[in-house]
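If you're wondering where the values come from, they're calculated on a predicted model, not measured in any experiment.
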Number of protein chains: 2
Amino acid sequence: MLSRASKYAILATLYLATNSSKDKKLSVKDIASTLEVPSPFLAKLFQQLVRGKIISSTKGPTGGFFLTKKNGDKTVCDIIENIDGLNRLNECFLGLSECDGLNPCPVHFIVEPFKNSILGKFRDKSILEFAKEVDEKKQVLTLKSLES
Amino acid sequence: MLSRASKYAILATLYLATNSSKDKKLSVKDIASTLEVPSPFLAKLFQQLVRGKIISSTKGPTGGFFLTKKNGDKTVCDIIENIDGLNRLNECFLGLSECDGLNPCPVHFIVEPFKNSILGKFRDKSILEFAKEVDEKKQVLTLKSLES
DNA sequence: ATAATAAAAGACCTTTTTATCTTTTATTAT
DNA sequence: ATAATAAAAGATAAAAAGGTCTTTTATTAT
Ligand code: FES
Ligand code: FES
């Protein structure tokens, strides 16, 4: 459904949302090791997210990645769209060229309602709201936090 | 979500269900060209489905692939399990190693109900029932141009 | 100014998935 | 029996996804 790239991007962006600020930028290396994702790969993804204005960065000492207020208003959907392209979530579950009610595939009516519902939820909630909820509900961004 | 392999396998098995019988076996070549999927690839998938007793085959002239009554009782879930492995549908949407309510990822509670419901429907309905519905509702099995 | 730092950029490598090709084996109609 | 047929099996190849490495550029603390 989602590429690994999108998954990493979502996790890392949510992590930035709660753990970084303009005054506390984080390096890819640190984020990657915390979330246990391959750091050069995450670096590439972050470059692209910066180009897409979903996260922000500055170079040099004390530099790193962070979210501006404006960045925080972006959505999980924006991340997916930026990395995988939005049709990754919209496309037919069985790979037919179009997913619509006119030429439904065998599983269309089973899958369609959920697709819409999930997509809606990914579109309605901002990264910031999402991250707040993750924090409050003690949801996890990596397996690492499970240990102890 | 599903591999292309699973998608082809599901479409082709449903096609078999309505268009073949013990007396009217179909060759991969014919099925592949009708469904517009790569025929050597489909041949490989069919071999595996035969080994998994989800479809049947005989060699030689008038030979080909078909479904027995028993084959028809298998489910879409069985096909997915046979080709992709079942955890492909069960795994965490964001790729964390376990998907459970104990250590939920940020999107777990959004995605979980969807996963369970779809999985249930893929498990409850037999291939035969599925195929019958596809026929009645004039749903489509062919993919003209595909993207995954 | 200089050295240190961290992202940007781009080349490169590996693995997995998708797809093809060739040979062998089983079956059947003649 | 024989030739034709169609799947089984297995080797191979192309494409996509995932992942790494090296060099360049911008920034900042000293
Ligand atoms: S047509 Fe296949 S999911 Fe909509
Ligand atoms: S933990 Fe991620 S979907 Fe369940």
Side-chain angles (χ1 to χ4, degrees), chain A residues 1-9 11-12 16 20 22-33 35-67 71 80 83-85 88 91 94-95, chain B residues 1-12 16 20 22-33 35-67 71 80 83-85 88 91 94-95 143 145-148:
Chain A
M1 194 129 203
L2 293 186
S3 67
R4 218 176 267 198
S6 271
K7 293 172 183 174
Y8 292 163
L11 291 171
L16 273 187
S20 80
K22 212 168 286 184
D23 307 314
K24 193 175 140 208
K25 292 157 196 163
L26 301 175
S27 71
V28 238
K29 248 187 67 187
D30 290 346
I31 299 164
S33 89
L35 300 184
E36 296 184 291
V37 307
S39 93
F41 193 37
L42 184 58
K44 283 285 156 207
L45 299 173
F46 268 10
Q47 276 180 37
Q48 195 173 329
L49 291 174
V50 168
R51 281 195 295 271
K53 302 192 189 308
I54 292 165
I55 67 177
S56 301
S57 71
T58 59
K59 293 181 179 179
T62 77
F65 295 93
F66 62 102
L67 291 197
N71 290 148
I80 296 169
I83 302 289
D84 279 345
R88 186 100 178 207
E91 67 198 5
L94 292 183
Chain B
M1 193 131 205
L2 294 186
S3 68
R4 222 178 263 200
S6 271
K7 292 173 186 176
Y8 293 164
I10 292 168
L11 291 170
L16 272 187
S20 80
K22 213 169 285 184
D23 307 313
K24 194 176 138 205
K25 292 154 195 162
L26 301 174
S27 71
V28 237
K29 249 187 67 188
D30 289 347
I31 299 164
S33 89
L35 300 184
E36 294 181 76
V37 308
S39 93
F41 192 37
L42 183 58
K44 283 287 156 208
L45 299 173
F46 268 10
Q47 276 180 39
Q48 196 172 328
L49 291 175
V50 168
R51 280 196 295 270
K53 301 194 189 307
I54 293 164
I55 66 177
S56 301
S57 71
T58 59
K59 294 181 180 179
T62 76
F65 295 93
F66 62 102
L67 291 197
N71 291 148
I80 295 169
I83 302 291
D84 279 344
R88 186 100 175 208
E91 68 199 6
L94 293 183
L143 52 173
S145 79
L146 72 95
E147 46 197 335
S148 177

(message) When you compare the side chain of B:Y8 with that of B:I83, does any pair of heavy atoms fall below 4.5 Å?
(response) no

(request) Starting from C1' on C:dT28, measure out to NZ on B:K25 and report it in whole angstrom. (result) 10 Å

(message) For B:F66, does the six-membered ring have the charged nitrogen or CZ of B:K22 within the cation-pi criterion, i.e. under 6.0 angstrom from the centroid and within 45° of the normal?
(response) no

(request) Write down the distance between CD1 (B:I83) and P (C:dT16), rounded to a whole number of angstrom. (result) 18 Å

(message) Rounding to an integer number of Å, can you tell me how far B:E36 CD sits from C:dA19 C1'?
(response) 17 Å

(message) So if I take every side-chain heavy atom of A:P38 and compare against D:dA29, D:dT20, C:dA19, which nucleotide ends up nearest?
(response) D:dT20

(message) Under 3.5 Å for both pairing distances: what stems, at least three Watson-Crick or G-U pairs long, include DNA chain D?
(response) C:1-30 with D:1-30

(message) Using 0.5 Å steps for rounding, measure from the CD atom of B:E36 to the CD1 atom of B:I31.
(response) 14.5 Å

(request) Measure the spacing between CG of A:L26 and CG of A:L67 and express it to the nearest 0.5 Å. (result) 9.5 Å

(request) Please figure out whether A:V28 or B:S6 has its closest DNA chain C nucleotide nearer the 5' end. (result) A:V28

(request) For B:L2 and A:L94, work out which heavy atoms get closest and say how close. (result) CD1-CD2, 4.4 Å

(message) Using OP1 and OP2 only, check whether a side-chain N or O of B:Y8 sits under 4.0 Å from C:dA19.
(response) yes

(message) For the CD1 atom of A:I80 and the CZ atom of A:R88, what is their distance to the nearest 0.5 Å?
(response) 10.0 Å

(request) On DNA chain C, check which nucleotide each of B:G60 and B:S39 is closest to and give me the residue with the more 5' one. (result) B:S39

(request) Could you tell me whether the side chain of B:I55 reaches within less than 4.5 Å of the side chain of B:F65, counting heavy atoms only? (result) yes

(request) Treat primed atoms plus P, OP1 and OP2 as sugar-phosphate and everything else as base, then score nucleotides 8-16 of chain D 5' to 3': B for base contact with protein heavy atoms under 4.0 Å, S for sugar-phosphate contact only, - for none. (result) BBB------

